[in-house]
2 protein chains.
Amino acid sequence: MKVTTQLEYGLCCIVALARLQVGDPASASDIAQSEKLPRQYVEKLLCRLKRSGIVRSVRGAKGGYLLARHPSELTVRDICDALDGGAYKLICEEESMRTKRCIPVSADGRCSLRFVWTELGSVINSYLGTVTVDALLSDGSCHTGKETPYQRPCTAGV
Amino acid sequence: MKVTTQLEYGLCCIVALARLQVGDPASASDIAQSEKLPRQYVEKLLCRLKRSGIVRSVRGAKGGYLLARHPSELTVRDICDALDGGAYKLICEEESMRTKRCIPVSADGRCSLRFVWTELGSVINSYLGTVTVDALLSDGSCHTGKETPYQRPCTAGV
DNA sequence: CCATACCCGACTATTTTTGTCAAGTTTTGC
DNA sequence: GCAAAACTTGACAAAAATAGTCGGGTATGG
């Protein structure tokens with residue numbers, strides 16, 4: 001399980017956009033260049049980010065992209081949702097997994113595993129939802145370097 | 001980002017083993033059959049789980065596998081660590097990413113993204129460390145179906 | 001001694017991810 | 001109006017990761 005470069009790049013682009021948050025739009029080429037990323041791939045990502053309303057675009061010469069929302073209103077989760085169709089995908093929702101394993105297994109009353117993956121998804125999304133792009137701009141200042149313990153809300157006897 | 005079938009299968013095998021926790025070992029074939037998984041793949045996974053000390057093996061006829069620890073002493077995190085080399089891998093640690101992006105970027109004082117991914121890793125590992133195999137045995141009982149909010153330990157001004 | 005079952009590295013196949021291409025549309029500046 | 005800049009898009013190609021197989025080896029109980 002790991003973050004895809006897609007997410008990394010996408011987030012990168014957003015942060016870059018947020019940095020040069022001035023009046024006029026930044027072109028895909030500008031962003032690609034400043035972040036040292038492949039231009040056409042950046043275009044593709046921005047396109048998806050646009051469809052999800054994370055960025056706005058201005059067409060034509062002098063056009064480019066702009067953040068659609070204020071960085072403080074934009075979380076890493078939003079970006080993940082836009083790009084990957086969510087930061088986290090449940091394994092049980094894959095066709096092959098459902099037909100080959102989960103259905104027969106849960107007919108057995110057995111798929112006790114699912115809840116771990118579901119809950120893990122919640123934990124991930126929930127965390128990513130707390131990180132705003134704004135926070136990413138103030139470089140490193142929020143990076144404690146220390147453990148971030150998971151605090152189970154209500155463990156036993158639920 | 002998603003859980004690999006490797007983890008799913010591995011966890012499955014462990015749970016199966018825990019279920020038939022009797023005196024004598026269960027063979028890879030037995031486990032594979034009962035969980036409807038490819039036998040040779042199961043063998044491979046068990047082999048890795050063995051190297052990490054999650055299961056023990058008994059060779060020869062009537063041999064097989066046994067849990068090395070009590071289910072209550074075994075967390076999903078342990079299993080992930082054994083199989084994938086951790087449930088979560090940091091993107092910055094990939095060679096290509098380091099040489100192509102992170103290093104030049106942080107020379108710019110820019111890799112403010114890293115802390116999100118690092119912290120995400122903590123959150124994931126931390127959560128998985130709270131789930132014991134034992135808890136998985138009592139099928140569904142701990143599955144609330146509801147959101148599991150992330151509780152940030154100390155947000156602002158750290 | 002032989003059937004069972006673990007052990008293990010090398011290999012193949014499949015799927016996912018990453019990245020490119022080419023053709024099209026919109027807009028600005030001259 | 002026309003050319004250049006820049007977004008839009010789907011199809012395609014390349015690369016990487018994952019999943020799964022094969023074949024031989026080794027240990028052991030009966």
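Here is the naming used below: chain letters follow the sequence lines, and residue numbers restart at 1 for every chain.
Regarding A:R39, its CZ atom lies at a distance of 12 Å from the P atom of D:dA5, rounded to whole Å. Rounded to whole angstrom, the span from the CD atom of A:Q40 across to the P atom of C:dT17 amounts to 21 Å. Atom OH of B:Y65 and atom P of C:dT4 are 17 Å apart (whole Å). Between the OH atom of A:Y41 and the P atom of C:dC21 there is a distance of 15 Å, given to the nearest Å. Distance CG (A:D24) to P (C:dG29): 12 Å, rounded to an integer number of Å. Computed from coordinates, the B:E8 CD to D:dT18 P distance equals 16 Å when rounded to whole Å. Atom NZ of B:K62 and atom P of D:dG29 are 11 Å apart (whole Å). Across the protein-nucleic acid pair, B:K50 atom NZ and C:dC6 atom P stand 11 Å apart, rounded to whole Å.
Between the side chain of B:K2 and the base of C:dT16, no donor-acceptor pair under 3.5 Å is found. With hydrogens and angles ignored, no donor-acceptor pair under 3.5 angstrom links the side chain of A:K44 to the base of C:dT18. In the interface, the side chain of A:R59 is not paired with the base of C:dT27 through any donor and acceptor atom under 3.5 Å apart.
Judged by distance alone, with hydrogens and angles left aside, the side-chain atoms of B:T132 form a donor-acceptor pair with the main-chain N or O of B:A135 at under 3.5 Å. At least one donor-acceptor pair under 3.5 Å links the side chain of A:R48 to the backbone N or O of A:L83.
The A:T5 side chain lies nearest to C:dG19 when the options are D:dA5, C:dG19, D:dG20. For B:S27, the side-chain atoms get nearest to C:dC6 when compared with the rest of C:dT4, C:dC6, D:dC7.
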Are A:M1 and B:T4 close enough, and set up right, to give a side-chain contact (heavy atoms from CB on, under 4.5 Å), and what steps lead you there? CA-CA 7 Å; A:M1 192 158 67; B:T4 58; over 6 Å; no

Kindly indicate, with the supporting measurements, whether the criterion side-chain contact (heavy atoms from CB on, under 4.5 Å) is fulfilled by B:T75 and B:V131. CA-CA 5 Å; B:T75 69; B:V131 184; 5.9 Å; no

side-chain contact (heavy atoms from CB on, under 4.5 Å) assessment of B:E35 paired with B:Y9: CA-CA 9 Å; B:E35 298 296 321; B:Y9 289 2; over 6 Å; no

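Of the two residues contacting DNA chain C, namely A:P38 and A:G60, the nearest-nucleotide position lying further toward the 5' end is that of A:P38.
For B:Y9, a side-chain nitrogen or oxygen approaches OP1 or OP2 of D:dG20 to under 4.0 Å. The side chain of B:S57 contributes an N or O atom lying less than 4.0 Å from OP1 or OP2 of C:dC7.
Nucleic acid contact for A:E43: base, since at least one base atom lies under 4.0 Å from a heavy atom of the residue. Residue contacts shown for A:R51 are limited to sugar-phosphate atoms, with no base heavy atom under 4.0 Å away.
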